[in-house]
**Q** 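Can you read through this structure? Questions will come right after.
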Amino acid sequence: MRWPIDALIPHRGPMRLIDHLIDWDAQSIRVGLHVPDEGLFHDARGVPSYVGIEYMAQAVAAWAGCQARARGAAPPLGFLLGTRRYECTLDHFLVGMDLVVDARCELMGENGLGAFACQISRNDEVLANALISVFEPPDAAAFLENTS
């Protein structure tokens, strides 16, 4: 099943950086985005390449949203913990680029800790890759209440 991206992730307005779901399965997801001509992360040269980490994190959030929707549940709240070995061939994603973000679940523990191998590509050319770590607490509201 394919849902609109807003039905899968909590990001709204200028914080939603991915545009659409391309495909997903039990272990992976592929989403697409068009680099817009303005936004929170733009500078004179486009979108700095480090924003690719957030593109990847939102792809993982969409994967979790697909898993939840398939079970008839609401998408969960999750957190990006960090990244390892983020490499990008560009210093900026240029306005107008159509990008594809792939994320594959490498590990998802019962405690909510997960690791995903991710890449960003354009026209089948890999531009960036990383391993990102995430946390999906079983009860996000209780988790947030206990951290404040």
Side-chain angles (χ1 to χ4, degrees), residues 1-36 39-42 46-93 97-148:
M1 175 145 231
R2 292 201 178 138
W3 296 273
I5 210 70
D6 284 341
L8 301 174
I9 64 175
H11 307 77
R12 296 291 182 262
M15 282 306 298
R16 185 179 56 78
L17 303 182
I18 60 175
D19 296 327
H20 61 279
L21 172 64
I22 298 170
D23 199 14
W24 71 280
D25 61 32
Q27 296 299 316
S28 63
I29 191 162
R30 175 173 277 187
V31 299
L33 69 107
H34 180 80
V35 179
L40 288 178
F41 301 105
H42 282 70
V47 176
S49 63
Y50 61 79
V51 176
I53 297 168
E54 182 61 20
Y55 293 158
M56 293 173 179
Q58 288 191 20
V60 171
W63 176 83
C66 287
Q67 303 299 317
R69 291 283 183 207
R71 294 187 314 270
L77 183 61
F79 302 93
L80 172 64
L81 297 180
T83 184
R84 294 190 92 126
R85 299 182 307 268
Y86 179 72
E87 296 175 353
C88 188
T89 61
L90 308 172
D91 62 352
H92 282 75
F93 298 108
M97 283 183 159
D98 290 311
L99 303 175
V100 172
V101 184
D102 289 289
R104 185 182 70 250
C105 182
E106 297 289 313
L107 168 75
M108 193 60 164
E110 290 182 21
N111 61 358
L113 292 172
F116 288 76
C118 301
Q119 71 177 29
I120 300 170
S121 58
R122 178 179 185 227
N123 299 328
D124 296 323
E125 175 188 0
V126 175
L127 303 176
N129 59 67
L131 182 66
I132 67 168
S133 300
V134 298
F135 176 54
E136 182 184 310
D139 184 346
F143 175 78
L144 290 171
E145 188 173 298
N146 290 331
T147 59
S148 53

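The figures here come from the full heavy-atom set of this structure, side chains too, leaving out hydrogens, waters and symmetry mates. In this chain, residues are counted from 1 in sequence order.
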**Q** Over all heavy atoms of both residues, which pair between Ile9 and Ala62 is shortest? Give the atoms and the distance, please.
**A**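 In this case the closest contact between Ile9 and Ala62 is CG2-N, 3.4 Å.
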**Q** For the CD1 atom of Ile29 and the CZ atom of Arg104, what is their distance to the nearest 0.5 Å?
**A**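 With rounding to 0.5 Å, CD1 (Ile29) is 14.0 Å from CZ (Arg104).
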**Q** With a 4.5 Å cut-off on side-chain heavy atoms, are Cys66 and Leu8 touching?
**A**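 They are in side-chain contact.
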**Q** Is the side chain of Ser133 donor-acceptor paired with the backbone N or O of Thr83 at a distance under 3.5 Å, no angle test?
**A**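 Flag not set: sc Ser133 to bb Thr83 has no pair under 3.5 Å.
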**Q** Show your reasoning for whether side-chain contact (heavy atoms from CB on, under 4.5 Å) applies to Met97 and Ile120.
**A** CA-CA 12 Å; Met97 283 183 159; Ile120 300 170; over 6 Å; no
**Q** Check whether any side-chain heavy atom of Leu113 lies under 4.5 Å from a side-chain heavy atom of Leu81, and answer yes or no.
**A**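 Yes; the side chains approach each other to less than 4.5 Å.
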**Q** Would Leu80 and Ile53 count as a side-chain contact (heavy atoms from CB on, under 4.5 Å) here? Give the steps.
**A** CA-CA 9 Å; Leu80 172 64; Ile53 297 168; 3.9 Å; yes
**Q** Would Gln58 and His11 satisfy side-chain contact (heavy atoms from CB on, under 4.5 Å), going step by step from the backbone distance to the final call?
**A** CA-CA 8 Å; Gln58 288 191 20; His11 307 77; 3.4 Å; yes
**Q** For Met108 and Gly112, which heavy atoms make the closest approach, and how far apart are they?
**A**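 Where Met108 meets Gly112 most closely, the heavy atoms are CE-O, 4.0 Å.
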**Q** Answer yes or no: are there more than 12 heavy-atom neighbours, outside Arg12 itself, under 6.0 Å from its atom CZ?
**A**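 Check passes, neighbour count above 12.
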**Q** Does Pro76 reach the side chain of Gln67, with side-chain heavy atoms less than 4.5 Å apart?
**A**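 Heavy-atom side-chain distance check fails, nothing below 4.5 Å.
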**Q** To the nearest 0.5 Å, what is the distance between CD1 on Ile5 and CD1 on Ile18?
**A**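 The CD1 atom of Ile5 sits 3.5 Å away from the CD1 atom of Ile18.
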**Q** Should Val47 and Tyr55 count as side-chain neighbours, where that means a heavy-atom distance under 4.5 Å?
**A**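 SC-SC contact between Val47 and Tyr55 confirmed.
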**Q** Specify the closest pair of heavy atoms between Glu54 and Leu17, including all atoms of both residues, with the distance to one decimal.
**A**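 Scanning both residues, the minimum pair turns out to be CG-CD1, 3.5 Å.
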**Q** Between the side chain of Arg69 and the main-chain N/O of Arg71, is any donor-acceptor distance below 3.5 Å?
**A**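 Not at all, since once roles are kept as given, no pair shorter than 3.5 Å links the two residues.
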**Q** Looking only at heavy atoms, what is the nearest atom pair of Leu77 and Pro137, with distance?
**A**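 The answer is O-CD, 3.6 Å.
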**Q** Determine the minimum heavy-atom distance between Tyr86 and Tyr50, stating which atoms define it.
**A**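 Closest approach of Tyr86 to Tyr50, heavy atoms only: CE2-CA, 4.2 Å.
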**Q** Should Arg85 and Glu87 count as an ion pair when the cut-off is N to O under 4.0 Å?
**A**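 Glu87 and Arg85: not salt-bridged.
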**Q** What is the distance from atom SG of Cys118 to atom CG of Asn129, rounded to the nearest 0.5 Å?
**A**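 Here the interatomic distance stands at 9.5 Å.
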**Q** Can you tell me which residue pairs pass the side chain to side chain donor-acceptor pair (under 3.5 Å) test with a partner in residues 17-29, sequence neighbours excluded?
**A**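 Listed by first then second residue: Asp25-Ser28.
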**Q** Which pair of non-hydrogen atoms, one from Met56 and one from Val101, has the smallest distance, and what is that distance?
**A**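 Nearest heavy atoms, Met56 then Val101: CA-CG1, 3.9 Å.
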**Q** Is a side-chain donor or acceptor of Asn123 paired with a backbone partner of Glu125 at a separation under 3.5 angstrom?
**A**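 Side chain of Asn123 to backbone of Glu125, a donor-acceptor pair under 3.5 Å: no, none is there.
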